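One structure is given here, and the rest of the page talks about it.
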2 protein chains.
Amino acid sequence: MSKLATKDIIVEIADQLFYQQGYQHTSFADISNEVGISRGNFYHHFKSKDDILDAVIQRRLANTEKMLNDWQEDEQTSLEQIRCFINILIMNRAKIKLYGCPVGTLTTELAKLDHPSLIDANKVFSLFADWLEKRFLDLGQKENAKELALHLLARSQGIATIASAFQDETVLYREVETLNEWLTTYS
Amino acid sequence: MSKLATKDIIVEIADQLFYQQGYQHTSFADISNEVGISRGNFYHHFKSKDDILDAVIQRRLANTEKMLNDWQEDEQTSLEQIRCFINILIMNRAKIKLYGCPVGTLTTELAKLDHPSLIDANKVFSLFADWLEKRFLDLGQKENAKELALHLLARSQGIATIASAFQDETVLYREVETLNEWLTTYS
DNA sequence: ACAATTTTAGGACGGCCGTCCTAGAGTGCT
DNA sequence: AGCACTCTAGGACGGCCGTCCTAAAATTGT
């Protein structure tokens, strides 16, 4: 029982630290200190640091998929479902202010490292993009549903980047409002 | 003569490498190999790695200021001047696809490192923001010139992030077009 | 031409990194 | 109770990092 738990805890802690400190800047010592296990014990659960990164990405993919499904079940209209996506920025504003968007900052880092896991990390973006595309299709945007999805993705990325750079929430609130007004055009 | 030149070359190479590989991931060995000088010789020109980072940021600030002044002189209307800003995305599309926006990715990295130079790195953003604000003021947007400037900054950041994540130029071209259409609203 | 100063090369240093190894502790099954 | 297996702790290992030191080379000023 605790076998799986320990492994899951490692991934959970690594997920947080990779987000807050970046992948490179997070060492095994950091993770093991936080988890409370010895440094050497790591390699019983994972082959390498890259292996942990892969596990973290898989975890994020699963969590994202679950979140999107929940929104689909909880909200009635496609418009309200899309607003759930926009609302992440408000919900996570405190962390975004400090560390930016978890998805965007990881892909940015991996791109610069020319890291092979960039492809997998991008799948989180793709999950959002595909899901948003379906909502826009449902709103009758047959021609440019994919374009609108990527546009919304880009807008939210920009908001997170600026809010993090200036460590400021007011620009985040204002831009989210602008984004919601933009969305009204497609209702 | 060569005294200043060597120092400048170091900063120039460091600037490129910090952009392409990230600050942390760029080592003294990387820079010295590229410049063609010995590793030990570095500390005659700079006190530390952070010292080089500061020099790189100062260089970027100077270059940005020069670029903005050039646009001001070359283009007649404020609208055309703003379009110069948007057009950076097209001009630098190849590099943006690979490494993202130099300003945004550096601030993102420094924010995660909790690095003291984040404040200075942000000044590049502020240069753009203040400059854009004045153009929007000139376009008669007295009430929300600053908001429009930050909005444009955020939009371009988002485009760079998505283009880099998906290593794709088509989304960049399309989003720039959307951005230009948006700007027409304020002419 | 010579002394003073600046610039350079190259190695040495501690430190932290990811990784690996080994011995012991814990656990479950018969 | 005894055995097999899983899990854990802690240290050892090469390697690279940023930094520092020293001595020689190049440059400058007079």
Side-chain angles (χ1 to χ4, degrees), chain A residues 1-58 106 109-110 112-118 120-121, chain B residues 1-58 106 109-110 112-118 120-121:
Chain A
M1 280 303 108
S2 70
K3 171 185 176 180
L4 277 173
T6 308
K7 196 168 183 175
D8 285 347
I9 290 168
I10 293 174
V11 177
E12 190 185 337
I13 299 288
D15 191 350
Q16 292 173 21
L17 290 177
F18 288 172
Y19 175 37
Q20 293 168 9
Q21 310 183 346
Y23 174 62
Q24 302 171 85
H25 193 241
T26 301
S27 69
F28 274 68
D30 290 334
I31 305 174
S32 61
N33 280 340
E34 204 77 20
V35 177
I37 62 168
S38 71
R39 210 172 63 265
N41 184 18
F42 253 102
Y43 285 75
H44 182 261
H45 298 285
F46 298 97
K47 279 185 296 181
S48 66
K49 197 185 176 185
D50 285 353
D51 219 43
I52 299 181
L53 175 61
D54 287 338
V56 166
I57 293 173
Q58 291 307 317
L106 181 63
E109 186 178 2
L110 295 183
K112 277 191 204 293
L113 297 180
D114 212 7
H115 197 288
S117 293
L118 172 62
D120 280 332
Chain B
M1 280 303 109
S2 70
K3 173 185 175 180
L4 277 173
T6 308
K7 197 167 183 176
D8 285 348
I9 291 169
I10 293 174
V11 178
E12 190 185 337
I13 298 288
D15 191 350
Q16 293 172 19
L17 290 177
F18 288 172
Y19 175 37
Q20 294 168 8
Q21 311 182 347
Y23 174 62
Q24 302 171 85
H25 193 242
T26 301
S27 69
F28 273 69
D30 291 334
I31 304 174
S32 61
N33 280 339
E34 204 77 20
V35 177
I37 62 168
S38 71
R39 210 172 63 265
N41 183 18
F42 253 102
Y43 285 75
H44 181 260
H45 298 285
F46 297 96
K47 280 184 295 179
S48 65
K49 196 185 177 186
D50 286 353
D51 219 43
I52 299 182
L53 175 61
D54 287 337
V56 166
I57 292 172
Q58 291 307 318
L106 182 62
E109 186 178 3
L110 295 182
K112 278 193 204 290
L113 297 180
D114 212 7
H115 198 287
S117 293
L118 172 61
D120 280 332

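The basis for the numbers below is simple: all heavy atoms, side chains too, and nothing from hydrogens, waters or symmetry mates. Remember, predicted model here, so these are calculated numbers, not experimental data. Below, read A as the first sequence line, B as the second, and so on, with proteins coming before strands; counting in each chain starts at 1.
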State whether [X] places a side-chain N or O below 4.0 Å from either non-bridging phosphate oxygen (OP1 or OP2) of [N].
X: A:His44; N: D:dT8; value: no
X: A:Tyr43; N: C:dC20; value: no
X: B:Thr26; N: D:dC17; value: no
X: A:Ser27; N: C:dC17; value: yes
X: B:Ser48; N: D:dG18; value: no

Per-nucleotide protein contact string for nucleotides 22-27 of chain C (B base, S sugar-phosphate only, - none; heavy atom under 4.0 Å): ------
What is the distance, rounded to the nearest whole Å, between atom [atom1] of [X] and atom [atom2] of [N]?
X: A:Lys49; N: C:dC16; atom1: NZ; atom2: P; value: 16 Å
X: A:Asp50; N: C:dG18; atom1: CG; atom2: P; value: 11 Å
X: B:Asn33; N: C:dG10; atom1: CG; atom2: P; value: 12 Å
X: A:Phe42; N: C:dC17; atom1: CZ; atom2: C1'; value: 13 Å

Stepwise side-chain contact (heavy atoms from CB on, under 4.5 Å) check, B:Asp120 with B:Leu53: CA-CA 10 Å; B:Asp120 280 332; B:Leu53 175 61; over 6 Å; no
Of the listed nucleotides D:dA9, D:dT19, C:dA9, the one nearest the side chain of A:Asn41: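 Shortest atom-to-atom distance from the side chain points to D:dA9.
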Proximal nucleotide (of D:dG18, D:dT8, C:dG18) relative to the A:His45 side chain: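 That would be D:dT8.
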Cation-pi, A:Phe46 ring and A:Lys7 (6.0 angstrom, 45 degrees):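 That pair qualifies as a cation-pi contact.
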Can you see which heavy atom on [X] is nearest to which on [Y], and at what distance?
X: A:Phe28; Y: A:Arg39; value: CB-CG, 4.1 Å
X: A:Tyr43; Y: A:Ser48; value: CE2-CA, 4.1 Å
X: B:His25; Y: A:Leu113; value: CG-CD2, 3.4 Å

Straight-line distance of A:Phe18 CZ to A:Gln24 CD, nearest 0.5 Å: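 Going from the CZ atom of A:Phe18 to the CD atom of A:Gln24 covers 11.0 Å.
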Nearest-0.5 Å distance, OG1 of residue B:Thr6 to NE2 of residue B:His45: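 Going from the OG1 atom of B:Thr6 to the NE2 atom of B:His45 covers 5.0 Å.
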Short side-chain to backbone donor-acceptor contact, B:Asp15 and B:Val11, under 3.5 Å: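 Not a single qualifying donor-acceptor pair exists.
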From CA spacing to verdict: side-chain contact (heavy atoms from CB on, under 4.5 Å), A:Ile31, A:Phe42: CA-CA 10 Å; A:Ile31 305 174; A:Phe42 253 102; 3.4 Å; yes
Most 5' of A:Phe28 and B:Gly36 on DNA chain C, judged by nearest nucleotide: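 Nearest-nucleotide comparison on DNA chain C picks B:Gly36.
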Degree of bending in the helix from C:dA1-D:dT30 to C:dT30-D:dA1 once both end axes are built from five pairs, to 10°: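 About 10° separates the two local helix axes.
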